[in-house]
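Protein chains get the first letters and strands the later ones, always in sequence-line order, with residue 1 at the start of each. Just so you know, these numbers come straight off a predicted model, no measurement behind them.
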Amino acid sequence: MTIFSFWIFDRHCNCIYSREWTQVLNPATESSGTINAKANEDNAKLLFGVLFSLRNIARKVGDTPEQENTLNSFATAKYRAHFYESPSGLRLCILSDLETQNLQTQLRDVYSNIYVEHIVKNPLSPVDFKPGSKITNQRFIRLVDRYLGPQ
Amino acid sequence: MTEITPQVNATCLDLLINEMVPLAIRTTRELKQSYEQAIESLVPQISIKDEDTGDVEILNSELLHSEDVTHKLENCGYSIGIRLSEVLIYKDSQNEILKNLELLNIMKFICRDVWRELYGKQMDNLRTNHRGTFVLIDNAFKTFQRFDSPVDLQDTIYKCKPYLWISSGIIRGVLKSFGVDSLITPEITKFPMVSFNIQTNV
(Lines give C-alpha, C1' and ligand atoms only; values in the text may rest on other atoms or scores of the structure.)
Protein backbone atom coordinates (compact mmCIF):
# COMPACT_ATOMS: atom_id res chain seq x y z
CA MET A 1 0.00 0.00 0.00
CA THR A 2 1.43 3.33 -1.00
CA ILE A 3 -0.12 6.64 -0.05
CA PHE A 4 0.99 9.63 -2.07
CA SER A 5 -0.84 12.49 -0.41
CA PHE A 6 -3.54 13.48 2.03
CA TRP A 7 -5.93 16.45 1.88
CA ILE A 8 -8.54 18.01 4.14
CA PHE A 9 -11.19 20.44 2.91
CA ASP A 10 -13.44 22.25 5.36
CA ARG A 11 -17.09 23.05 4.86
CA HIS A 12 -16.22 26.39 3.29
CA CYS A 13 -14.54 24.34 0.56
CA ASN A 14 -11.07 25.59 1.49
CA CYS A 15 -8.13 23.27 1.71
CA ILE A 16 -7.05 23.39 5.35
CA TYR A 17 -4.40 20.70 5.26
CA SER A 18 -2.32 19.08 2.59
CA ARG A 19 0.44 16.56 3.01
CA GLU A 20 2.55 15.01 0.30
CA TRP A 21 4.90 12.16 0.96
CA THR A 22 7.97 11.39 -1.07
CA GLN A 23 10.05 8.29 -0.67
CA VAL A 24 13.18 8.74 1.40
CA LEU A 25 15.75 6.13 2.33
CA ASN A 26 15.63 6.71 6.06
CA PRO A 27 12.27 8.09 7.24
CA ALA A 28 13.52 8.40 10.83
CA THR A 29 16.05 11.10 10.04
CA GLU A 30 14.99 12.58 6.73
CA SER A 31 11.83 14.60 6.40
CA SER A 32 9.59 13.41 3.66
CA GLY A 33 7.50 15.49 1.32
CA THR A 34 5.76 18.77 2.02
CA ILE A 35 3.20 20.05 4.51
CA ASN A 36 0.58 22.58 3.43
CA ALA A 37 2.75 23.59 0.48
CA LYS A 38 0.17 22.69 -2.13
CA ALA A 39 -2.92 23.84 -0.29
CA ASN A 40 -3.25 27.10 -2.18
CA GLU A 41 -2.41 25.74 -5.57
CA ASP A 42 -4.82 24.99 -8.34
CA ASN A 43 -4.34 21.27 -7.79
CA ALA A 44 -6.14 21.48 -4.47
CA LYS A 45 -9.01 23.37 -6.06
CA LEU A 46 -9.22 20.97 -8.97
CA LEU A 47 -9.17 17.96 -6.68
CA PHE A 48 -11.88 19.46 -4.55
CA GLY A 49 -13.93 20.29 -7.64
CA VAL A 50 -13.76 16.75 -8.94
CA LEU A 51 -14.66 15.24 -5.59
CA PHE A 52 -17.49 17.70 -5.13
CA SER A 53 -18.99 17.00 -8.54
CA LEU A 54 -18.60 13.23 -8.24
CA ARG A 55 -20.22 13.25 -4.84
CA ASN A 56 -23.14 15.23 -6.22
CA ILE A 57 -23.64 12.96 -9.18
CA ALA A 58 -23.38 9.93 -6.86
CA ARG A 59 -26.18 11.34 -4.77
CA LYS A 60 -28.32 12.39 -7.70
CA VAL A 61 -28.23 9.00 -9.36
CA GLY A 62 -27.74 6.49 -6.57
CA ASP A 63 -29.81 7.77 -3.66
CA THR A 64 -32.51 5.52 -2.28
CA PRO A 65 -35.08 6.72 0.26
CA GLU A 66 -33.41 4.57 2.92
CA GLN A 67 -29.82 5.42 2.24
CA GLU A 68 -27.82 8.18 0.72
CA ASN A 69 -25.33 7.15 -1.91
CA THR A 70 -21.75 8.10 -1.08
CA LEU A 71 -18.60 8.58 -3.08
CA ASN A 72 -15.88 6.26 -1.85
CA SER A 73 -13.16 6.57 -4.43
CA PHE A 74 -12.36 7.14 -8.05
CA ALA A 75 -9.40 6.00 -10.07
CA THR A 76 -7.23 7.33 -12.84
CA ALA A 77 -4.54 5.42 -14.68
CA LYS A 78 -1.93 6.45 -12.11
CA TYR A 79 -3.66 6.79 -8.79
CA ARG A 80 -6.84 6.24 -6.82
CA ALA A 81 -8.48 9.02 -4.83
CA HIS A 82 -10.26 7.96 -1.64
CA PHE A 83 -12.92 10.23 -0.26
CA TYR A 84 -14.69 10.55 3.05
CA GLU A 85 -17.14 13.24 4.08
CA SER A 86 -18.23 13.83 7.64
CA PRO A 87 -21.83 14.86 8.35
CA SER A 88 -20.48 18.26 9.36
CA GLY A 89 -19.08 18.80 5.86
CA LEU A 90 -15.43 18.10 6.48
CA ARG A 91 -13.94 16.28 3.50
CA LEU A 92 -10.90 14.08 3.64
CA CYS A 93 -9.10 12.71 0.63
CA ILE A 94 -6.19 10.33 0.15
CA LEU A 95 -4.38 9.73 -3.12
CA SER A 96 -2.93 6.22 -3.20
CA ASP A 97 -1.63 3.70 -5.70
CA LEU A 98 -4.09 1.63 -7.69
CA GLU A 99 -3.58 -1.55 -5.65
CA THR A 100 -5.15 0.04 -2.59
CA GLN A 101 -8.84 -0.67 -2.95
CA ASN A 102 -10.53 0.77 0.08
CA LEU A 103 -9.42 3.29 2.70
CA GLN A 104 -12.79 4.20 4.17
CA THR A 105 -11.95 2.89 7.64
CA GLN A 106 -8.62 4.68 7.65
CA LEU A 107 -10.22 7.96 6.60
CA ARG A 108 -12.86 7.63 9.28
CA ASP A 109 -10.12 6.85 11.79
CA VAL A 110 -8.20 9.97 10.88
CA TYR A 111 -11.37 12.00 11.23
CA SER A 112 -12.56 10.60 14.54
CA ASN A 113 -9.29 9.77 16.28
CA ILE A 114 -7.01 12.52 15.07
CA TYR A 115 -9.07 15.44 13.77
CA VAL A 116 -11.79 15.38 16.42
CA GLU A 117 -9.41 14.55 19.25
CA HIS A 118 -6.63 16.99 18.49
CA ILE A 119 -8.29 19.82 16.58
CA VAL A 120 -11.87 19.94 17.82
CA LYS A 121 -11.11 19.13 21.44
CA ASN A 122 -8.04 21.33 21.47
CA PRO A 123 -9.07 24.72 22.84
CA LEU A 124 -6.03 26.42 21.32
CA SER A 125 -6.93 25.42 17.80
CA PRO A 126 -9.73 27.00 15.77
CA VAL A 127 -12.50 24.71 14.55
CA ASP A 128 -13.74 27.05 11.87
CA PHE A 129 -10.78 27.91 9.73
CA LYS A 130 -10.59 31.33 8.14
CA PRO A 131 -9.85 31.36 4.40
CA GLY A 132 -6.12 30.85 3.99
CA SER A 133 -5.46 29.47 7.45
CA LYS A 134 -4.21 25.93 7.76
CA ILE A 135 -3.77 23.23 10.34
CA THR A 136 -0.23 23.65 11.64
CA ASN A 137 -0.40 21.85 14.98
CA GLN A 138 2.71 19.77 15.45
CA ARG A 139 0.87 16.98 17.23
CA PHE A 140 -1.72 16.66 14.49
CA ILE A 141 0.97 16.52 11.81
CA ARG A 142 2.91 13.93 13.76
CA LEU A 143 -0.10 11.69 14.32
CA VAL A 144 -1.25 11.83 10.70
CA ASP A 145 2.27 11.04 9.57
CA ARG A 146 2.51 8.11 11.89
CA TYR A 147 -0.85 6.75 10.74
CA LEU A 148 -0.72 7.37 6.99
CA GLY A 149 2.90 8.13 6.16
CA PRO A 150 5.45 5.67 4.83
CA GLN A 151 6.59 3.29 7.54
CA MET B 1 -21.96 0.77 46.35
CA THR B 2 -24.47 -0.84 44.05
CA GLU B 3 -26.59 2.17 43.24
CA ILE B 4 -25.95 4.02 40.02
CA THR B 5 -23.56 6.89 40.45
CA PRO B 6 -24.43 9.91 38.33
CA GLN B 7 -21.80 10.44 35.69
CA VAL B 8 -20.75 13.23 33.40
CA ASN B 9 -19.50 12.71 29.89
CA ALA B 10 -15.78 13.46 29.94
CA THR B 11 -15.81 15.18 26.56
CA CYS B 12 -18.68 17.47 27.49
CA LEU B 13 -16.88 18.39 30.68
CA ASP B 14 -13.63 19.04 28.81
CA LEU B 15 -15.41 21.26 26.30
CA LEU B 16 -17.08 23.17 29.11
CA ILE B 17 -13.78 23.71 30.92
CA ASN B 18 -12.15 24.73 27.63
CA GLU B 19 -14.67 27.55 27.31
CA MET B 20 -14.06 28.95 30.79
CA VAL B 21 -11.06 31.06 29.89
CA PRO B 22 -12.56 32.60 26.72
CA LEU B 23 -15.73 33.33 28.67
CA ALA B 24 -13.82 35.05 31.44
CA ILE B 25 -11.98 37.18 28.88
CA ARG B 26 -15.19 38.09 27.05
CA THR B 27 -17.07 39.11 30.17
CA THR B 28 -14.11 41.10 31.38
CA ARG B 29 -13.85 42.88 28.06
CA GLU B 30 -17.57 43.60 27.88
CA LEU B 31 -17.63 44.84 31.44
CA LYS B 32 -14.66 47.11 30.82
CA GLN B 33 -16.21 48.65 27.74
CA SER B 34 -19.60 49.24 29.25
CA TYR B 35 -18.02 50.51 32.42
CA GLU B 36 -16.25 53.18 30.48
CA GLN B 37 -19.45 54.15 28.70
CA ALA B 38 -21.88 54.42 31.56
CA ILE B 39 -22.23 52.55 34.78
CA GLU B 40 -25.97 53.07 35.04
CA SER B 41 -26.81 51.28 31.84
CA LEU B 42 -24.46 48.48 32.69
CA VAL B 43 -26.83 45.55 32.82
CA PRO B 44 -28.49 45.63 29.39
CA GLN B 45 -25.12 45.97 27.72
CA ILE B 46 -23.63 42.80 29.06
CA SER B 47 -24.04 40.36 26.26
CA ILE B 48 -21.53 38.23 24.48
CA LYS B 49 -21.24 38.82 20.79
CA ASP B 50 -20.79 35.75 18.69
CA GLU B 51 -18.25 37.34 16.40
CA ASP B 52 -15.47 35.16 17.67
CA THR B 53 -17.10 31.83 18.39
CA GLY B 54 -15.45 28.83 16.79
CA ASP B 55 -12.26 30.80 16.78
CA VAL B 56 -9.27 31.14 19.05
CA GLU B 57 -8.54 34.82 18.45
CA ILE B 58 -9.97 35.54 21.88
CA LEU B 59 -6.94 33.89 23.48
CA ASN B 60 -4.71 36.50 21.87
CA SER B 61 -6.49 39.18 23.89
CA GLU B 62 -4.26 41.22 26.14
CA LEU B 63 -6.73 40.39 28.90
CA LEU B 64 -5.60 36.73 28.90
CA HIS B 65 -3.32 37.21 31.88
CA SER B 66 -5.10 40.21 33.35
CA GLU B 67 -6.00 40.30 37.00
CA ASP B 68 -9.73 40.37 36.29
CA VAL B 69 -9.66 37.17 34.25
CA THR B 70 -7.37 35.41 36.69
CA HIS B 71 -9.57 36.47 39.56
CA LYS B 72 -12.75 35.25 37.86
CA LEU B 73 -11.27 31.84 37.08
CA GLU B 74 -9.73 31.45 40.49
CA ASN B 75 -13.06 32.29 42.08
CA CYS B 76 -14.89 29.71 39.96
CA GLY B 77 -12.40 27.11 41.15
CA TYR B 78 -12.66 28.29 44.74
CA SER B 79 -16.39 27.77 44.88
CA ILE B 80 -16.08 24.39 43.16
CA GLY B 81 -13.41 23.40 45.69
CA ILE B 82 -15.36 24.39 48.73
CA ARG B 83 -18.35 22.35 47.56
CA LEU B 84 -16.31 19.46 46.24
CA SER B 85 -14.67 18.74 49.57
CA GLU B 86 -18.10 18.50 51.23
CA VAL B 87 -19.22 16.04 48.58
CA LEU B 88 -16.09 13.94 48.94
CA ILE B 89 -16.29 13.87 52.72
CA TYR B 90 -19.93 12.85 52.49
CA LYS B 91 -19.17 10.13 49.96
CA ASP B 92 -16.30 8.64 51.92
CA SER B 93 -16.75 9.45 55.56
CA GLN B 94 -14.65 6.42 56.55
CA ASN B 95 -11.58 7.87 54.83
CA GLU B 96 -8.55 7.30 57.06
CA ILE B 97 -7.05 10.64 56.10
CA LEU B 98 -10.02 12.53 57.49
CA LYS B 99 -9.64 11.02 60.95
CA ASN B 100 -6.60 13.08 61.64
CA LEU B 101 -6.99 16.56 60.25
CA GLU B 102 -3.48 17.87 60.36
CA LEU B 103 -2.25 19.94 57.47
CA LEU B 104 -0.17 17.22 55.83
CA ASN B 105 -3.17 14.91 55.83
CA ILE B 106 -5.35 17.55 54.21
CA MET B 107 -2.72 17.90 51.50
CA LYS B 108 -2.74 14.14 51.02
CA PHE B 109 -6.52 14.33 50.73
CA ILE B 110 -6.11 16.87 47.92
CA CYS B 111 -3.43 14.85 46.17
CA ARG B 112 -5.33 11.60 46.40
CA ASP B 113 -9.09 12.05 46.68
CA VAL B 114 -9.68 15.49 45.18
CA TRP B 115 -7.32 14.96 42.25
CA ARG B 116 -8.71 11.50 41.52
CA GLU B 117 -12.22 12.86 41.50
CA LEU B 118 -11.29 15.70 39.16
CA TYR B 119 -8.68 14.21 36.88
CA GLY B 120 -8.91 10.45 37.34
CA LYS B 121 -5.37 10.27 38.70
CA GLN B 122 -3.39 11.22 41.76
CA MET B 123 -0.86 13.98 42.13
CA ASP B 124 2.57 12.61 41.38
CA ASN B 125 4.55 14.37 44.04
CA LEU B 126 4.05 16.20 47.30
CA ARG B 127 6.83 18.19 48.89
CA THR B 128 6.86 20.26 52.03
CA ASN B 129 9.29 22.22 54.15
CA HIS B 130 7.23 21.33 57.28
CA ARG B 131 6.72 25.04 57.88
CA GLY B 132 3.49 25.50 56.01
CA THR B 133 4.78 25.53 52.46
CA PHE B 134 3.78 22.71 50.15
CA VAL B 135 4.50 21.94 46.52
CA LEU B 136 2.12 19.63 44.69
CA ILE B 137 3.31 18.30 41.35
CA ASP B 138 1.30 16.67 38.59
CA ASN B 139 3.50 15.22 35.87
CA ALA B 140 0.79 15.17 33.21
CA PHE B 141 -1.99 17.62 33.93
CA LYS B 142 -5.14 16.20 32.38
CA THR B 143 -6.68 19.48 31.23
CA PHE B 144 -3.58 20.07 29.09
CA GLN B 145 -3.80 16.65 27.44
CA ARG B 146 -5.03 17.99 24.11
CA PHE B 147 -3.71 21.55 24.25
CA ASP B 148 -1.53 22.19 21.25
CA SER B 149 -1.18 25.62 19.72
CA PRO B 150 -0.80 25.93 15.95
CA VAL B 151 2.09 28.32 16.61
CA ASP B 152 4.60 26.59 18.86
CA LEU B 153 5.19 25.15 22.31
CA GLN B 154 5.92 28.52 23.86
CA ASP B 155 2.58 29.82 22.65
CA THR B 156 0.86 26.70 24.00
CA ILE B 157 2.33 27.26 27.44
CA TYR B 158 1.46 30.95 27.37
CA LYS B 159 -2.20 30.22 26.61
CA CYS B 160 -2.48 27.27 28.99
CA LYS B 161 -1.58 29.21 32.07
CA PRO B 162 -5.03 30.73 32.79
CA TYR B 163 -6.60 27.26 32.93
CA LEU B 164 -4.34 26.46 35.87
CA TRP B 165 -6.03 29.15 37.93
CA ILE B 166 -9.23 27.07 38.01
CA SER B 167 -7.40 24.16 39.61
CA SER B 168 -5.49 26.38 41.96
CA GLY B 169 -8.81 27.92 43.02
CA ILE B 170 -10.18 24.45 43.67
CA ILE B 171 -7.23 23.67 45.95
CA ARG B 172 -7.73 26.94 47.81
CA GLY B 173 -11.44 26.11 48.20
CA VAL B 174 -10.77 22.65 49.58
CA LEU B 175 -8.22 24.02 52.04
CA LYS B 176 -10.63 26.73 53.09
CA SER B 177 -13.33 24.16 53.80
CA PHE B 178 -10.94 22.66 56.34
CA GLY B 179 -10.34 26.10 57.79
CA VAL B 180 -6.94 26.66 56.20
CA ASP B 181 -6.21 29.96 54.48
CA SER B 182 -3.71 29.71 51.69
CA LEU B 183 -1.93 31.47 48.89
CA ILE B 184 -1.42 29.35 45.81
CA THR B 185 0.88 29.97 42.85
CA PRO B 186 0.48 27.57 39.96
CA GLU B 187 3.28 27.05 37.52
CA ILE B 188 3.89 25.13 34.31
CA THR B 189 7.30 23.66 34.96
CA LYS B 190 7.71 21.48 31.91
CA PHE B 191 4.58 21.19 29.79
CA PRO B 192 2.37 19.25 30.54
CA MET B 193 3.90 19.04 34.02
CA VAL B 194 2.45 21.53 36.49
CA SER B 195 3.15 22.45 40.08
CA PHE B 196 1.18 24.28 42.73
CA ASN B 197 3.09 26.22 45.32
CA ILE B 198 0.94 26.45 48.44
CA GLN B 199 1.70 28.90 51.20
CA THR B 200 -0.41 28.36 54.30
CA ASN B 201 -0.64 30.47 57.40
CA VAL B 202 -0.50 27.55 59.83
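The two atoms that bring B:Pro186 and B:Lys161 nearest to each other are O-CE, 3.5 Å, heavy atoms only. The nearest pair of heavy atoms linking A:Val127 to A:Ile119 is CG1-O, 4.1 Å.
Highest contact tally toward chain A, considering only B:Val21, B:Thr11, B:Asp152, is held by B:Thr11 [criterion: heavy-atom pairs under 4.5 Å]. Most heavy-atom pairs under 4.5 Å with chain B, from the set A:Ile141, A:Asn137, A:Thr136, A:Ile135: that is A:Asn137.
Looking at B:Asp148, both its backbone and its side chain come within 4.5 Å of chain A, counting heavy atoms on both sides. For B:Glu19, no part lies under 4.5 angstrom from a heavy atom of chain A.
Between A:Phe9 and A:Tyr17, the gap from one ring centroid to the other reaches at least 6.0 Å. Aromatic pair B:Phe196/B:Trp115: ring centres closer than 6.0 Å.
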